[in-house]
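Heavy atoms only: backbone and side chains are in, while hydrogens, waters and symmetry mates are out.
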Amino acid sequence: MPSLSIADALAYRGQLAALSDSADLDTALLLCHCLNKPRSYLYSWPERELTATEQGQFEALFARRLVGEPIAHILGHRDFWSLSLAVSPASLIPRPDTECLVERALEIIDGQQRPQILDLGTGTGAIALALASERADAQVLGLDCVAEAVALAESNRAALGLTNVRFQQSNWFAELAPSRFELIVSNPPYIDPDDPHLLTGDVRFEPRSALVAADGGMADLKHIISQASNYLAAGGVLLLEHGFQQAAAVREVLSERGFSCVESRRDYGANERISWGVWRNE
Ligand code: GLN
C-alpha cells in the first residue's frame, strides 16, 4: 500500500465536499485524531508520511464520515463553551447556538449569591456543566429522562472535576422533589416531526427524543412553561431555547402563563433562538 502524506490525507476532503459544509475541518479533525496532534501540526508537516496504522485508522474513520456519521460521534467528543464534552448517540450533540443560552443565563444570575439552577433535558450536561464551571457558587441540577444521558452527563461532570452540579433521571419535572430555583433553563426537543431537516446531516444520527416534539415542535416547550412556576422562586426566570420560527409562539405561551418581562434574543446565526420570562416579578 503506497503511504499517504499528511497533504494527501487532507486532499480526501474533496470526497466530502458534497456531503458536509465543513469538509476541510472534518478531514483535518479526523487526521488530528489519528495522529494525536493539534491542527497546526498538519500545516507544518504536510510531507510527513502516515504510518500504516495511522493510515488504516484515518481511512476507517473517513469512511464513517462519508456515510454521514457526525464528526462528534466519530471523535467521541465535542467542544462546547470552554469545555470538551464526551458525546454519544444517546443524546443531542451540543450546538454553538446553545452557547447563546449559556451567555444569557450567566447575565441573569450575575449578582445573585449561590443561585440554584435547574437544567431540563440536560443530555451531555452541556448547559449545566458550562454554568457550573462559570459559577463555582451556583448549585446546578440537570435532569434527563434517558438513563444513558444521565450517565454521560455524570461522567462529563467527573472528568471536569465539577462538584457543584449533579444529575438525576426525570421526565421533565415528574421525578423532581418539591424545590425552588432562581433559574430554570432548557434546550428541549422542538423540531416539527414533519420537518424535512430531519432527513439531512447530523440529526439523522441523534435520538429523536432529543429533537422532535408534537404540536409542530411546541409540545415540550408548552409542557415546561406550564409546570415551571411550581419550581421557580419569586423573581425566578425560565429561559428556553426554541426553533428559529417559534419565538413569537413561545413568548405568547410565557405571557399567557403569567410570566412577565418576556423577551427573546438572536443566536450567532441571527435567528431568534432563546426566550425567557420572569415569574411574578411585581
Ligand atoms: N437546534 C437543533 C437543530 O435544529 C435541534 C435541537 C433541539 O431540538 N433542541 O438541529
Is a side-chain N or O of [X] found less than 3.5 angstrom from the main chain of [Y], in a donor-acceptor match?
| X | Y | value |
| --- | --- | --- |
| Asp215 | Gly217 | no |
| Ser275 | Ser264 | no |
| Arg204 | Gly201 | yes |

Qualifying side-chain hydrogen bond (donor to acceptor under 3.5 Å, both in side chains) pairs, either residue in residues 150-164, two or more places apart: Glu154-Arg157
Does any pair with a residue in residues 112-130 pass side-chain hydrogen bond (donor to acceptor under 3.5 Å, both in side chains), and if so which ones, sequence neighbours excluded? Asp119-Thr122
Residues Trp276, Leu183; criterion side chain to side chain contact (heavy atoms under 4.5 Å, CB included); working and verdict: CA-CA 10 Å; Trp276 62 90; Leu183 174 63; over 6 Å; no
For Phe259, ring-ring contact (aromatic ring centres under 6.0 Å, His included) partners two or more places apart: Trp279
Would Thr98 and Phe80 satisfy side chain to side chain contact (heavy atoms under 4.5 Å, CB included), going step by step from the backbone distance to the final call? CA-CA 9 Å; Thr98 305; Phe80 178 80; 3.8 Å; yes
Looking at [atom1] of [X] and [atom2] of [Y], how far apart are the two atoms once the value is rounded to the nearest 0.5 Å?
| X | Y | atom1 | atom2 | answer |
| --- | --- | --- | --- | --- |
| Leu211 | Asp192 | CG | CG | 12.5 Å |
| Ser44 | Lys37 | OG | NZ | 11.0 Å |
| Asp26 | Ser20 | CG | OG | 3.5 Å |
| Leu83 | Glu134 | CG | CD | 8.0 Å |

Decide if atom [atom1] of [X] counts as having more than 12 heavy atoms of other residues, nucleotides or ligands within a radius under 6.0 Å.
| X | atom1 | answer |
| --- | --- | --- |
| Phe244 | CZ | no |
| Arg166 | CZ | no |
| Glu256 | CD | yes |

Minimum heavy-atom distance [X]-[Y], with the two atoms named:
| X | Y | answer |
| --- | --- | --- |
| Ser170 | Ala174 | OG-N, 3.6 Å |
| Asn171 | Glu175 | N-OE1, 3.0 Å |
| Ala249 | Met218 | CB-CE, 3.8 Å |
| Asp144 | Gly123 | OD2-N, 2.8 Å |
| Ala213 | Pro193 | O-CD, 3.3 Å |
| Ile224 | Pro188 | CD1-CB, 3.9 Å |

Check step by step if side chain to side chain contact (heavy atoms under 4.5 Å, CB included) holds for Leu118 and Phe173. CA-CA 10 Å; Leu118 178 66; Phe173 299 98; 3.8 Å; yes
Heavy-atom distance under 4.5 Å between the side chains of [X] and [Y], does that happen here?
| X | Y | value |
| --- | --- | --- |
| Val87 | His77 | no |
| Val237 | Ile184 | no |
| Cys34 | Gln57 | yes |
| Pro89 | His73 | yes |
| Ser133 | Leu162 | yes |
| Val140 | Phe167 | no |
| Leu141 | Ile117 | no |
| Arg78 | Leu85 | no |

State whether [X] and [Y] are salt-bridged, where the test is any N-O pair (Lys NZ or Arg NE/NH1/NH2 against Asp/Glu carboxylate O) under 4.0 Å.
| X | Y | value |
| --- | --- | --- |
| Arg95 | Asp97 | no |
| Arg48 | Glu54 | yes |
| Arg251 | Glu272 | yes |

May I ask whether [X] and [Y] are part of the same hydrophobic cluster, defined by side-chain heavy atoms of I, L, V, M, F, W, Y residues being less than 4.5 angstrom apart, directly or through others?
| X | Y | value |
| --- | --- | --- |
| Ile93 | Leu160 | no |
| Val146 | Val212 | no |
| Trp172 | Leu254 | yes |
| Leu238 | Leu221 | yes |
| Leu143 | Ile225 | yes |

Hydrophobic cluster (4.5 angstrom, side-chain heavy atoms) - remaining members for Ile74: Leu4, Ile6, Leu10, Tyr12, Leu16, Leu19, Leu25, Leu29, Leu30, Leu31, Leu35, Tyr41, Leu42, Tyr43, Trp45, Leu50, Phe58, Leu61, Phe62, Leu66, Ile71, Leu75
Test: salt bridge (charged side-chain N to carboxylate O under 4.0 Å, His left out). Region: residues 5-21. Which pairs qualify, not counting sequence neighbours? Arg13-Asp24
Distance-only polar pair, side chains of [X] and [Y], donor-acceptor under 3.5 Å:
| X | Y | answer |
| --- | --- | --- |
| Glu49 | Ser5 | no |
| Glu241 | Tyr190 | yes |
| Ser88 | Glu148 | no |

Once side-chain hydrogen bond (donor to acceptor under 3.5 Å, both in side chains) is applied, do any residues pair with Asp267, and if so which ones, sequence neighbours excluded? Arg273
